[in-house]
Structure formats: structure tokens, C-alpha cells
Amino acid sequence: MPDEESRDGETESISRRDVVVRLGVGACALAAAGSAAVTLDFLEPKVLFEPQTTFVAGAPLDFADGTVRFNREQKAYVIGTAGGVYALSAVCTHLGCITRFRSEQRMIACPCHGSQFDLEGNVVHGPAPRSLPWLEVSENASGSLVVETRVIVPQGKLFRV
Amino acid sequence: MRRIGPTLLLAVTVLPAAGCGRVGADPTAAAVAPPGGAYELELGKSIYLAYCATCHGETGAGDGFNAFNLDPRPRDLGDPAFQKSKSDENLEDVVRRGGAGVGLSSLMPPWGHTFNERQIEEVTLFLRSLERD
Amino acid sequence: MRVSLASRVRGSAVYRSIVRHGTTATNRNRSLVVFENLFLHVHPVKVREKTLRFTHTFWLGGITLACAFILFVGGIPLMFYYHPSVPQAYRDMKELQYVVDNGVFLRNLHRWAAHAMVLVAVLHMLRVFYHRAYRPPRQFNWVIGVLLLLATLLLSYTGYLLPWDQLSLWGVSVGTSMVKEAPFIGERIRFYLLGGNVVSENALLRFYVLHCVVLPVALLLLVSVHVWRVRKDGGVQGPAGAERKNEP
Amino acid sequence: MPLRRLFAVSSLLFLVTLAVSPVKNALRPYRFIQREFRDLGMSRATSRKAMELYANRPVAIQQIWLRDFEDRVDRCTTCHLGVADAAMRGAPEPFRLHPATFHTPGGFERIGCTACHGGEGLATLQDDAHGVAQENIAPMTPATFIQSGCGRCHLSATVPDAPTLSRGRALMERAGCYSCHAVRGHDAYRSEAPPLDAIAIKTGAVWLRGWLEDPRAVDPNATMPNFHLGADDILALSHYMFGRPAPDALARRVAAAAGEPLGDPATGRRLFSESRCISCHTVDGKGNGSAPELGTIASAATRGWLIAFLRDPHAFNPRTRMPRYNFSDGDVRDIVAYFDDELRDFDAPADVLEPLRVNQTLAAKGATLFRNAGCGSCHASGPASETEKFGPDLDGIGDRRAASLDFGRRRDLPQTLTSWLVAKIESPRSFADGLRMPSYGFDADEQRAIVTALLAHGAQAVPEKLRHSATQPVAMIPGGRVGELFSRYRCLSCHQIGNRGGDTSTAPLTFEGSKVNEEWLVDYLLLPSSLRPILPERMPILKMSREEASLLADTFEKFYVDPSIVEDPFAGRAESDRDAAEGERLYTTLGCRGCHIIGMAGGYYGPTLTEAARRLKPGWVFHFLKNPQGWRGDIRCPNYALPDTDALRLTAYLGTLGSSRDAAAPATGKESTR
Amino acid sequence: MSVPIKIVESNDPMADPWRVAIVRPDSRPSARATEDRFVMTFPHLIVREVILFQLVLTVLSLAAIFFDAPLLGIANPLETPNPAKAPWYFLGLQELLHYFPPVVAGVLMPTLAVIALVVIPYARINLVAGPLWANASAKKAIALGAAVALVALLFGAFACWPIVVPTLALGIAMFATRGWERATSVRRLLWEVTLPEWIMTWFVIIATLLTVIGTYFRGPGWSWVWPWENAPRG
């Protein structure tokens with residue numbers, strides 16, 4: 001207890017009682033710290049029940065120049081060009097509405113606040129601050145296209161087919 | 001024995017066959033394997049009874065009902081000497097490519113296109129269980 | 001002469017802004033420890049030495065309080081992994097057991113602490129009775145105590161349904177069907193309690209809210225009053241017969 | 001002890017106890033198993049890349065989440081890390097690569113693990129996951145019954161690649177389980193057991209009592225189980241049955257037949273063998289055994305009844321699989337004469353067929369007994385709706401917890417569902433007194449098959465999209481005249497059409513039209529020749545008229561065809577493809593004679609090909625040779641992966657066989673599924 | 001010091017006019033406590049409290065480590081476990097239900113119990129109670145005897161032995177202490193037991209008894225079983 005401490009708090013005169021007390025206080029502190037750590041670990045989910053972030057878009061051949069396919073579940077466009085295939089997030093960069101592809105004007109429009117994007121994802125006009133991000137496209141073992149919606153790639157990075 | 005048997009067989013056959021000397025050699029490792037071995041043995045058995053037993057017989061003695069006017073007679077698969085003389089690769093090869101494929105009688109047909117590799121493996125596993133002791 | 005880290009911290013302005021009293025063991029400081037501290041100032045600065053004796057109260061009230069504290073603190077993390085819905089509620093128990101780190105420990109702790117609290121609370125009540133500590137001026141605190149006991153029972157009981165296993169379902173069915181027998185209002189009460197006529201997902205949700213919000217708050221209030229009253233009524237009272245001993 | 005020391009000690013104690021759980025948690029078994037797997041993987045890795053994949057594997061709980069399959073979560077792959085990893089072929093458990101089955105590899109993401117293997121998918125501890133000795137956790141399905149997993153989704157009677165399951169279902173069908181136990185999807189089931197109202201005019205009291213005492217002792221082929229009836233019960237029952245009035249029509253027929261003159265046994269014997277009765281019946285144990293033993297038939301039924309029955313079996317038992325042969329009155333008299341001469345029990349008491357003078361009180365007693373024993377469930381003459389479901393219904397039996405089962409007296413059994421079921425089937429009444437289920441005398445394999453079939457009945461049906469009922473479309477069973485013929489000759493008793501019909505015959509008729517030539521079929525129906533010398537089951541001579549035969553053949557030719565089979569495979573092919581000589585060489589080198597007979601030489605497994613040309617259409621032969629299993633999944637003929645040329649040449653060779661009528665026996669070809 | 005104590009003990013404070021001081025039920029006895037030794041709350045009380053908390057958590061943690069909380073199969077309204085039991089602290093009531101109509105056992109009795117508990121500190125008898133037999137009149141004895149008998153008969157009528165037996169036992173004990181005023185040690189202590197204490201003790205005993213029976217001695221169909229035959233339920 002403090003009352004057993006040396007009158008002068010600055011100097012460390014190590015009496016046996018003092019050690020005992022410090023031992024106890026230390027143990028408590030340790031326990032507290034440990035509990036905190038364990039709680040954090042506890043709060044970290046160890047399994048996830050989330051929809052797949054990747055989806056199979058189809059065979060490369062399905063994406064001739066100009067094809068635009070919308071995957072509703074994954075909120076992404078898969079677009080075929082002469083050079084290759086790329087995927088575009090369909091989530092508007094303004095307030096996160098789901099954009100729609102207007103086939104007649106061949107552009108992407110947001111129903112909420114009228115933002116408009118071209119097929120590269122660049123903002124044509126509207127409140128949207130940034131262009132739509134490009135998503136990673138790769139090929140799986142069976143040779144069909146796989147889009148990973150979590151990975152954003154620099155604009156213009158086509159998947160050559 | 002009914003449960004243990006397959007386990008041991010599995011230990012001595014499939015593990016080396018699958019080319020995992022390091023793990024397979026370890027008996028304790030093999031001893032952990034019964035379920036896998038049992039399932040595979042079951043599959044192998046059902047394939048054997050359906051396709052092979054008519055000539056080789058249910059016990060593998062080469063006395064299936066279709067055997068009697070075959071020349072040469074079907075192999076007695078239970079014969080320990082035979083079992084010793086053949087590696088799993090050999091057996092699988094005969095099953096796969098038939099007698100003709102390995103320079104034996106063409107009366108043993110090739111099953112390589114009827115079964116997939118895994119099934120051939122399972123049959124082989126069962127063949128090993130036919131050895132008489 | 002070496003200046004320890006500890007003492008340098010104690011010297012810092014920040015530390016002083018938080019802890020107003022010094023470390024030196026003067027009675028002034030010790031008093032400050034108590035009444036400068038929100039949680040400790042339910043205590044008087046000085047207490048009768050005899051009240052510290054184990055046999056004086058057997059610390060039963062304290063143990064009950066400790067259980068309550070453990071239940072509060074342990075219950076909150078559990079809520080992070082619980083959905084009051086069918087069949088997810090039951091699956092969450094399995095998740096705690098199989099997936100969540102230390103989940104099963106926390107669940108067990110919560111369960112056993114709950115049982116312990118009911119038991120100790122009862123013992124506490126008996127202790128108070130046999131020590132005649134309900135006598136004036138403590139009458140009202142006794143009443144609060146009884147209410148606390150009821151709150152404790154209800155908390156434990158509402159929590160009993162949450163795992164949504166056979167034990168919960170039928171434990172609660174049996175209990176609530178007793179309520180049903182109350183004349184005139186019984187049916188009604190049960191209907192409100194279960195949010196229906198059978199123990200269903202509604203009941204689960206209602207019990208969940210009761211268990212996690214309503215009753216804990218009620219308990220908290222009652223406990224604060226209870227503890228505060230203990231001090232106002234002149235501290236813990238030990239054996240009534242204690243005085244008898246020191247007759248001339 | 002001074003306060004401060006107490007404080008120190010309790011603080012330490014506090015710290016230690018709080019530390020236990022986190023430590024325990026850090027030592028969860030799966031973490032070690034996954035590290036072990038990493039090392040094993042790296043030791044087996046073939047490429048640096050693979051090596052790195054193993055090395056960088058995070059230690060974490062793996063799971064297969066089947067959102068639209070009862071929202072299952074299978075965490076088996078947390079420890080069974082190699083199930084889909086080719087490098088883990090034959091590795092020690094728990095890392096072993098999963099055996100190749102119909103669904104694996106590839107099916108994991110769709111059906112997970114517990115769907116077939118049972119157990120607790122959520123668990124990450126071995127004993128819990130495998131449901132070892134856990135009252136509230138599903139135990140794993142033992143390897144021997146694993147095919148029950150297939151049955152959860154595959155509801156058809158026969159499931160390819162699941163012989164045990166299929167056999168179990170067939171056995172349950174035959175044994176009549178569904179007439180006492182309600183089971184989803186078998187509500188319309190009717191047992192083949194005959195209506196009993198004609199008993200009095202069929203046989204005698206002595207025989208009946210013998211039968212009631214133990215049917216299998218009288219007839220090894222009997223499907224009727226042993227009810228373990230006491231002597232009094234048997235007496236009462238027999239009085240009850242003889243008390244029941246036989247339908248007049250039948251009674252008159254029998255009486256009339258009894259009065260007819262005796263026939264000629266010699267002719268009878270010839271007719272008997274021509275009619276291939278032992279394709280279903282047995283004589284002294286020789287034969288197929290799916291129908292009653294006939295060795296002592298003459299001592300089991302009166303002459304009059306036999307004659308009347310053979311003339312029109314369907315009048316006596318509408319549900320029988322026995323065809324109505326087109327015998328002349330004389331034929332029948334001769335056959336029954338042959339029975340009287342030879343197929344009788346010579347030690348049987350003289351009065352074995354004496355009817356019974358009915359005692360009404362006993363009869364009344366028998367009536368109650370008849371009801372209580374549940375005889376009506378199988379023997380009722382009415383439709384399925386009238387029969388009473390006696391036993392408990394079996395839906396969900398596959399998911400019952402051992403704890404919820406009544407083991408009664410059987411303390412000897414291990415407390416598992418499977419052992420309980422096996423024991424129930426083996427000796428149903430050993431569990432307690434007063435149980436009504438009779439014993440069927442199944443052998444171990446049959447028990448295993450039936451339990452497999454039972455375990456397939458889950459508590460809830462699997463979601464629609466996962467269910468898989470029929471492998472082939474339900475066949476068009478024609479109406480009108482042809483329909484009558486189908487029913488009269490009971491084609492479906494032996495042949496399968498679509499997913500209907502019995503499996504006695506090796507030749508399903510679904511696409512018979514694409515396979516055989518019409519004129520051959522007519523001849524065959526009139527005078528069936530044996531295609532498989534080795535099999536006791538052969539097509540009987542039904543004595544149908546040429547008109548009937550051609551009508552049937554014509555129907556097959558027109559309707560039962562597979563459009564994917566071309567008429568003429570040689571169309572637009574090189575002349576060299578018609579090289580029959582080359583085909584003959586192939587026939588030898590491929591070892592076809594191992595199974596097929598041509599002339600005299602060859603194996604007995606496959607059908608004789610001596611007259612292939614007359615029988616088989618070249619289009620079908622080609623189609624079959626290209627991929628035998630494509631014709632039917634369970635074909636035993638190996639797939640030689642023949643190039644078109646070779647297949648065509650073989651076809652051409654077979655086309656030369658027996659086109660001239662000089663071949664020894666009339667012969668034709670069919671593939672075997674024995 | 002001794003004076004106020006006597007008053008507290010006397011059955012009727014108004015009966016002794018020569019007393020110097022009277023402690024009325026609503027006054028604060030703390031005045032008396034002046035000579036008690038005082039110590040600083042910190043550290044003496046605080047540290048004890050900390051230790052107490054540590055010990056409680058330690059014990060509970062050990063329990064949590066070694067005994068898993070029960071978890072049976074998922075709730076299934078179609079499959080009633082036999083017996084279906086409430087949590088242990090309600091099993092006393094459930095046991096009562098076995099003897100009395102639900103209204104009585106499920107509602108009346110618990111309500112009465114709670115009310116009884118609430119009014120304890122307001123019932124005069126609880127405040128001034130002295131030893132039961134201290135200068136007790138024969139009337140009192142008869143009244144008590146009658147009460148005990150009545151209770152016993154009442155519950156006996158419902159064949160509720162777990163209550164009847166302790167009632168009689170305690171009744172006998174109660175009368176047994178009658179003559180022990182001059183006795184020493186234990187007997188003397190027993191003699192000092194007041195009526196409220198007798199009643200509470202009675203209540204506690206039957207409550208415990210019923211709970212124990214309900215928990216360990218009831219099997220399928222609420223039939224009597226022995227714990228060791230009882231299938232272990234969570």
C-alpha cells in the first residue's frame with residue numbers, strides 16, 4: 001500500500017513489502033492489458049458470411065468489341081473492346097447509387113443525381129467527383145474470365161484475350 | 001478385422017502408390033487413415049464386383065462364371081506370389097490398357113476409357129485386398 | 001540520485017490533472033482517494049474496523065455486486081455475436097463454441113456468473129434477515145433488495161431463452177405457462193411477454209430486449225440506490241446480536 | 001497473512017486463471033493441423049509456386065457455405081485440407097484427397113461435406129464434428145452406409161453408381177415395407193401380395209397353417225415375412241380365412257376347371273420349359289426366385305384353382321407380375337397334369353388340400369387377429385388409400401438421434417442409429433414384447449442395403465433445385481390395344497421402359513425400336529431364342545398370336561426410338577470403312593470373344609453375336625461401340641474409345657454375321673448387366 | 001453500552017419506564033457506535049474489495065474453464081423433452097405445481113412469498129421480537145401449536161410431504177427449545193431464536209427441499225427418480 005512506501009516518493013528504496021505490493025499491482029495491470037488484447041481478438045470475426053467478391057463473367061469470346069454486360073449481384077460491368085476486356089464498378093462515385101447502362105446513348109448514368117459516365121468510367125457530367133474504378137479481370141483454370149471486385153486496377157489496364 | 005484390414009492394406013499400398021514415401025512410410029500417419037481407405041475400398045469393391053468378378057470371380061480366384069471357356073484362363077488375383085510380383089503401377093497399367101496393352105492375353109479388356117484414373121486406383125486398392133494369406 | 005519513470009509520470013501535469021491527491025500516505029491523501037473518485041465515494045472516508053471482519057457480512061453483498069459487474073462486462077461482447085432470430089440464435093451458440101476465440105469461455109462465464117448471482121443474492125438476503133439488518137432505518141433498503149432479487153431472477157430467466165436450444169425453449173414454456181394461471185391478467189401478461197401464444201421468434205426478440213436493455217438498466221438503478229442507501233443508513237450492519245456480546 | 005501479501009497472491013492467481021482460456025484458445029487443434037498440412041504440402045509440392053502457396057497459407061478456419069442448401073456451413077475443410085488437392089492423393093488423414101465419386105472433385109462447393117457424410121458441419125473440433133458420443137450432434141454416416149448420402153437427393157429407385165442404395169430400395173419395394181410404413185413419395189405403393197378372399201378355393205387348411213407358421217420354410221422365395229404366430233393364432237386365422245366367401249365368378253371357374261379331364265404330363269413338361277417359368281419362379285431352387293417356388297405346387301393349390309389361375313392370373317390377383325399366357329385350354333390342363341405328376345410334395349399328408357369346416361367363434365377371433373397383425377396392409381384387395389399404415393412413418397428416420405430411439409431390451413447394442421436400424425431389421429421383436437413388426441430374414445448384406453436406403457430419408461427434403469428424381473423420362477405406356485397387350489403380357493414385370501418396370505431383363509425397351517430390326521422382333525416375340533446361355537432368366541414363349549407380335553413390334557419400331565441414333569452410319573463414309581475383314585481382325589485383337597459367342601467359340605458373359613445382322617441395326621451397333629456406357633450407364637462392355645473407322649469396320653463385320661440363315665442356333669446380341 | 005442493548009432485547013420497550021434511553025424503531029442506532037475503532041477506507045476497505053472481486057472472478061473463471069454451459073439440440077416445439085424443466089431457481093415452484101392447482105402453486109404462493117418478504121421490515125413483530133419463549137404465556141404456546149398443526153394439515157390435505165414433514169419437524173424443534181432458557185451454549189442460542197427467525201427458517205428449508213427435489217429427484221412425467229438413475233441433462 002502507498003502508506004508503506006518510503007516517505008520520499010522520488011527515490012526507489014526497495015523494501016520487501018514494497019516489492020510485494022508492486023507485484024500485485026503489476027499482475028493486475030498485466031491482467032487488464034491482457035483482457036483488453038483478448039477482447040480485441042474476440043471481436044475479430046474469424047469466419048465471414050459474405051457474398052463472393054469474385055464472379056465468373058464468361059468466356060473471353062463472349063466479349064466482342066462493344067459488348068457491355070451488367071452483373072447485378074456484384075454491381076459491375078464487364079466490357080469488351082477490340083483490345084481486350086475490362087470490368088467497371090457500377091457503384092456511382094457520388095453517393096453510391098447503382099448506375100445503369102444506357103445502351104442507346106452507350107453511356108452509364110446514375111438514376112439518383114444524374115451523374116453520367118462514359119464506358120471508360122470517366123465522368124461526363126454530373127455531381128460524381130471521380131470516375132468509376134476499374135476492377136481486376138483475370139482468367140481461371142477453365143479459361144473463362146473472372147472479375148475480382150475488391151481489387152481496383154489503374155484505368156486503361158485491359159485484360160488481353 | 002473388417003475395419004482394420006483395409007487400413008493396413010491402405011498403408012502398404014496406396015500411400016507408396018501415390019508416391020508419398022515420406023508420409024506414407026510413416027506407419028502412424030497411415031494409421032490415421034481408416035475413413036479414407038474404407039471409402040475408397042468400398043468404391044473399388046463395387047467396381048470390381050460389377051466389371052471384373054464375372055471372369056476373375058468374387059474372391060479373385062479366376063473362377064468367374066464367364067471364365068470356364070476362356071483361354072488363357074483369367075489370372076488368379078488372390079495368389080500371394082502374383083500380388084508380390086506386381087507393383088501397383090503394374091496392376092493399374094493392366095486395368096488401364098488391358099492384357100493386349102501389356103503383351104498379355106487380349107481377353108482382358110482395357111478399362112482406361114471406361115473408368116477414370118481415380119476409379120482405377122480404387123479397383124487396384126481392392127485387388128490388393130484379395131490377396132490370400 | 002535516480003528518478004524513476006513512475007515518479008516522473010506522477011510528477012507530470014497530465015497525471016496531476018487526473019489524480020488530484022498525492023501519493024504520500026497522509027490521511028488527507030487517503031481521504032482524497034475516496035471522495036475524489038466517483039466510484040469510491042459511495043464509501044465514507046473512514047469505516048468501522050469491525051465491519052471489515054469476514055463474519056460481519058460474509059461479503060455476500062459484495063460478491064453479488066461482483067457477479068453483476070462480471071455479467072455486465074461479459075455480456076456486452078457476447079452481444080456482438082448474437083442475433084435474436086431463429087435459427088441463427090442457436091447457430092450463434094455454435095459459432096461461439098467453434099469459431100469465436102474465447103467465445104465458449106465467455107459464454108460459460110456468463111452462464112455460471114448468472115447462476116452464482118441468483119444464489120448469492122438469496123444468501124445475502126438471508127444474511128440480512130438473520131442479522132436483523134432490515135430494521136429501521138433500513139426498511140426501505142430491504143424492499144429495494146427484494147426488488148433487486150426479483151430483477152436478478154428475471155434477468156437470469158430472460159437470458160435462459162436466448163441460446164434457443166431445447167433447454168431454453170421448454171424451460172421458458174414451463175415458466176410462462178405458470179404465469180398464464182394468474183387469474184384475469186395471466187393470459188394477457190403471457191401474451192405480452194411472448195409476443196404471441198407460443199414461445200416463438202417474437203418471444204426470443206422480446207426476451208432479448210428485456211435481457212439486454214430493460215432489466216439491466218432497472219438493475220443498475222436499483223443497485224445504485226441500494227448501495228447508496230447502505231451508506232446513508234449508517235453503513236453495513238453486522239450481526240444484531242453483536243452488541244449483546246459486550247455486556248458487562 | 002498481511003493484507004498486502006494476500007493482495008499480491010490473489011492478483012497473481014487472478015492473472016493466471018484469466019490467462020488459461022486464451023492459452024487454451026491459442027492451442028486449438030486445427031491450428032497445429034494446418035501447420036502440419038503446410039509442411040506436408042511443401043514436402044509434396046512439385047513447383048516453387050506451389051511451394052509458396054502452401055507456405056503462405058494463413059492459419060484460419062475454412063468453411064463451405066451453402067446458402068441455398070439449408071444454409072449449411074461445413075467447416076470440415078478446416079482440417080481436411082487436402083480433399084480437393086491433387087497433391088494429397090493417398091496422404092494420411094485428415095489431409096487425404098477425397099476419393100473420386102460422381103460428385104467429387106468439383107461438387108464440394110455445391111453440396112459440401114455433411115450432405116453425404118453427416119456429422120456436425122459447424123464444428124471445428126474433431127469429436128464434435130464427427131459427432132462422437134454426442135447426444136445433440138449428428139453422428140457421421142459410417143463408410144458402409146455412405147451411399148445413403150446419394151439417396152438424399154437422388155430419389156429414383158435405381159441410382160447409378162450407388163448399387164447398395166439401389167438394392168436397398170428394391171428390397172424395400174419387394175418386401176412391402178411401404179405398405180405398413182408411410183414414406184414420402186410411396187403413398188401409392190401397393191404390395192404384390194394376393195387378395196385373400198379366394199384362399200378357400202385355392203388351398204387346404206393344412207398347407208395354409210404350414211404357410212402361416214413360417215412362409216419361407218414352405219417357399220424360400222416367399223416375400224411374406226414370419227409373424228411368429230402361435231398355434232392358436234394360426235388356427236384362428238385359418239378359420240377366419242376359410243370363413244371368407246370367395247367371389248362367385250372365381251369359385252365357379254375353379255369348380256368348372258376341377259371337373260375337366262386330365263391332361264398329358266409330357267406335353268405339360270415341354271410347355272413348362274418353353275414358357276420359361278423359371279425366369280421368375282424356381283423349381284427345387286433352380287431359377288430366378290422372384291416368384292414362388294413351384295417344386296411342390298401341386299400340394300399347395302388345388303388342380304381346379306391352378307387351371308383357372310393359369311388361364312387368367314389377373315382375375316385372381318390384379319397386382320401379380322405374372323403374365324397371362326395365351327395358352328389353349330388343353331395346354332393348361334397338360335401343364336397342371338405335369339404339376340400333379342412331378343411338382344408335388346410326396347411326403348405331404350393326404351388332406352393337405354382339404355378345406356376347413358369353419359368354426360365361427362374361431363373365425364371371429366381370427367378376424368380381430370387379422371386386423372391387429374396388419375395382414376390387411378399388404379393383402380387388402382382395395383386401392384392403396386384403403387390400406388392402413390401400421391408402422392411408424394419413416395420420414396426423417398435418417399436424421400433420428402440415437403438418444404431419441406427406444407433400445408428397449410437391446411442393451412447389447414451400441415447407442416447408434418445404424419446399429420439400432422440393423423437390429424430392428426434383423427430381429428424386430430427383440431426390443432420389447434408386443435411389437436408387431438415381423439421378421440424378414442434378410443442377410444447381412446441385405447440389411448446393410450436396406451439401412452442405407454432408410455438413412456436416405458432425411459428429416460426435411462432437400463431443396464427442390466438439388467433434388468434429382470428420374471434419370472430418364474417416365475416412359476410413354478401406350479393405351480388402347482397395345483396397352484392391353486403390355487398389361488396382359490406384363491412386359492414391365494421384367495423389362496424397364498423409362499424409369500418404370502422390373503430389372504429381371506437385361507434389355508430395357510425404352511429405345512428398342514432404334515436397336516433391333518422389326519422383322520426379327522416379330523420372330524423373337526413369337527419364338528424367343530436365348531441370347532444369354534448363362535442366364536436362367538429368358539424371354540418366355542408367351543404364345544402370342546402373330547398379329548399381336550407384329551402389332552407390338554410395330555409399336556416399338558415407331559415409338560420407342562432414340563432420335564440421336566442415325567439409321568445408316570456408313571452414309572458418306574469411305575469405302576474402306578465397310579471393310580468387314582478388317583472388322584473381324586479387330587474383333588479378335590480387341591478380345592471381344594472374351595465375352596461374346598460367335599458360333600461356338602467365346603465367353604458367356606455378353607450376348608451371342610452369331611446372328612447379329614438379323615437382329616441389330618447398324619446405326620445402333622455403331623452408336624453403342626463408340627460409347628457403350630453412353631447407351632446405358634451400367635453397361636459392362638468396356639469402352640475401347642474406338643476411332644470411327646474401327647467402329648464402322650466392326651459394325652460392318654457384325655453386319656455379315658448370320659445374315660444367311662445357316663447359323664447353328666438363332667442368335668442375336670444384347671449387352672449384359674448381370 | 002449495555003443499556004440500549006437491553007431495550008432492544010426487551011419485548012416491549014414501553015413496559016420499562018426506568019430506562020434512560022429508548023431507541024425507537026425509526027431512530028438511528030449509529031449514535032451508539034462512537035467508541036468503535038475506525039480505519040481509513042483506503043486502503044483497508046478498497047483493497048479488500050479488490051481482492052474480493054479478484055477471487056470471485058477467479059472462482060467463476062475456473063468454473064467456466066472446467067464446466068461447459070449446457071447446450072442441447074436446437075429448440076424444437078414438436079419434441080418435448082421429458083421431463084421439461086424450468087431453470088433450477090423455479091424448480092421449487094414447478095415441484096409445488098405437482099401438488100397444487102396451478103393458480104395456487106404458480107401464482108398465489110409466490111405472490112404471497114414476495115409480499116411477505118416486502119413487509120418484513122414493516123411488521124412490528126419483526127422489529128421487537130425477542131426470544132420466542134421469553135416469558136411466553138401458555139396461550140402463546142397453544143396458538144403456536146395450533147398454527148403448526150393447521151399448516152401441517154393444510155398441506156397434508158394435498159399430500160405435499162416435502163412441506164408437511166419439515167413443518168412438523170420444525171414445530172417439534174420449536175417446542176423443544178421451550179425449556180432451554182437456563183441451558184448453555186447451543187441450546188441457549190436456540191432458545192434465543194425469535195418467532196420471525198423460526199418462520200424464515202421454515203420457509204428456507206421447504207424452499208430448498210422443494211428445489212432440490214425438483215432438480216435431482218424428478219424424471220420423466222415428473223415421476224420420482226434417484227439422481228444416479230437420472231439421465232444427465234444440461
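Only this structure's heavy atoms are used, side chains among them; waters, hydrogens and symmetry mates stay out. Within every chain, numbering begins at 1; the chains are lettered A, B, ... in the order of the sequence lines, protein sequences first and strands thereafter.
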Go through the atoms of [X] and report whether side chain, backbone, both or neither lie under 4.5 Å from a heavy atom of chain E.
X: C:F105; result: both
X: C:W59; result: both
X: C:A116; result: side chain
X: C:F69; result: side chain
X: C:S31; result: both
X: C:S156; result: both
X: C:L106; result: neither
X: C:H115; result: both
X: C:V104; result: side chain
X: C:L40; result: side chain

Given heavy-atom pairs under 4.5 angstrom as the criterion, report whether the side chain, backbone, both or neither of [X] touches chain C.
X: E:L52; answer: side chain
X: E:L93; answer: both
X: E:L45; answer: both

Go through it in stages, so that I can follow the logic: the residues are C:V143 and E:Y122, the test is side chain to side chain contact (heavy atoms under 4.5 Å, CB included), and I'd like the CA-CA distance, side-chain angles, deciding distance and then a yes or no. CA-CA 10 Å; C:V143 176; E:Y122 302 101; 3.7 Å; yes
Picking from [options], which has the most non-hydrogen pairs under 4.5 angstrom with chain C?
options: E:P110, E:A63, E:G73, E:P101; answer: E:G73
options: E:R48, E:M40, E:E49; answer: E:M40
options: E:A75, E:A69, E:A64; answer: E:A75
options: E:P87, E:P77, E:G106; answer: E:P87
options: E:I120, E:I46, E:V103; answer: E:I120
options: E:A105, E:A84, E:P102; answer: E:P102

Using a 4.5 Å cut-off on heavy atoms from C-beta on, say whether the side chain of [Y] contacts that of [X].
X: C:N37; Y: E:F42; answer: no
X: E:Q94; Y: C:M178; answer: yes
X: E:H44; Y: C:V47; answer: no
X: C:R30; Y: E:T41; answer: no
X: E:I74; Y: C:L169; answer: no
X: E:F38; Y: C:R48; answer: yes
X: E:P121; Y: C:R135; answer: no
X: C:Y90; Y: E:L71; answer: yes

Approximate separation, where rounding is to 0.5 Å, of [X] [atom1] and [Y] [atom2]:
X: C:T152; Y: E:Y89; atom1: OG1; atom2: OH; result: 10.0 Å
X: C:W170; Y: E:E79; atom1: CH2; atom2: CD; result: 9.5 Å
X: C:E181; Y: E:L97; atom1: CD; atom2: CG; result: 8.0 Å

Does CZ in C:R28 sit with more than 12 non-hydrogen atoms of other residues, nucleotides or ligands closer than 6.0 Å?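 At most 12 heavy atoms, drawn from other residues, nucleotides or ligands, come within 6.0 Å of this atom.
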Considering residues, nucleotides and ligands other than E:F67, do more than 12 of their heavy atoms fall under 6.0 Å from its CZ?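 No, CZ of E:F67 has 12 or fewer neighbouring heavy atoms, counting only those of other groups under 6.0 Å.
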Stepwise, does the side chain to side chain contact (heavy atoms under 4.5 Å, CB included) test hold for C:Y134 with E:N126? CA-CA 9 Å; C:Y134 53 78; E:N126 291 328; 3.6 Å; yes
What residue, out of C:L150, C:L119, C:V120, has the most heavy-atom pairs lying under 4.5 Å from chain E?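 Looking at each of C:L150, C:L119, C:V120 in turn, C:L119 comes out on top.
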Top contributor to chain E interface from C:N108, C:V34, C:I70 [non-hydrogen pairs under 4.5 Å]: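 Counting heavy-atom pairs under 4.5 Å, the top option is C:N108.
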Show the nearest heavy-atom pair for residues C:W112 and E:D68, with the distance to one decimal.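 Minimum heavy-atom contact is CZ2-O, 3.6 Å.
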Tell me the closest heavy-atom pair linking E:V107 and C:P183, and the distance in Å.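 Smallest heavy-atom distance, with atoms named: CG1-CD, 4.2 Å.
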Checking E:L117 against C:M125 for the side chain to side chain contact (heavy atoms under 4.5 Å, CB included) test, could you report, in this order, the C-alpha distance in whole Å, the side-chain angles of both residues, the deciding distance, and whether it holds? CA-CA 10 Å; E:L117 284 177; C:M125 189 187 75; 3.9 Å; yes
Take E:W88 and C:V118, measure what side chain to side chain contact (heavy atoms under 4.5 Å, CB included) needs, and give me the verdict at the end. CA-CA 10 Å; E:W88 63 269; C:V118 174; 3.9 Å; yes
Interface residues of residues 196-204 of chain E facing chain C - heavy atom cut-off under 4.5 Å: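 Listed by number, the contacting residues are E:P196, E:E197, E:M200, E:T201, E:V204.
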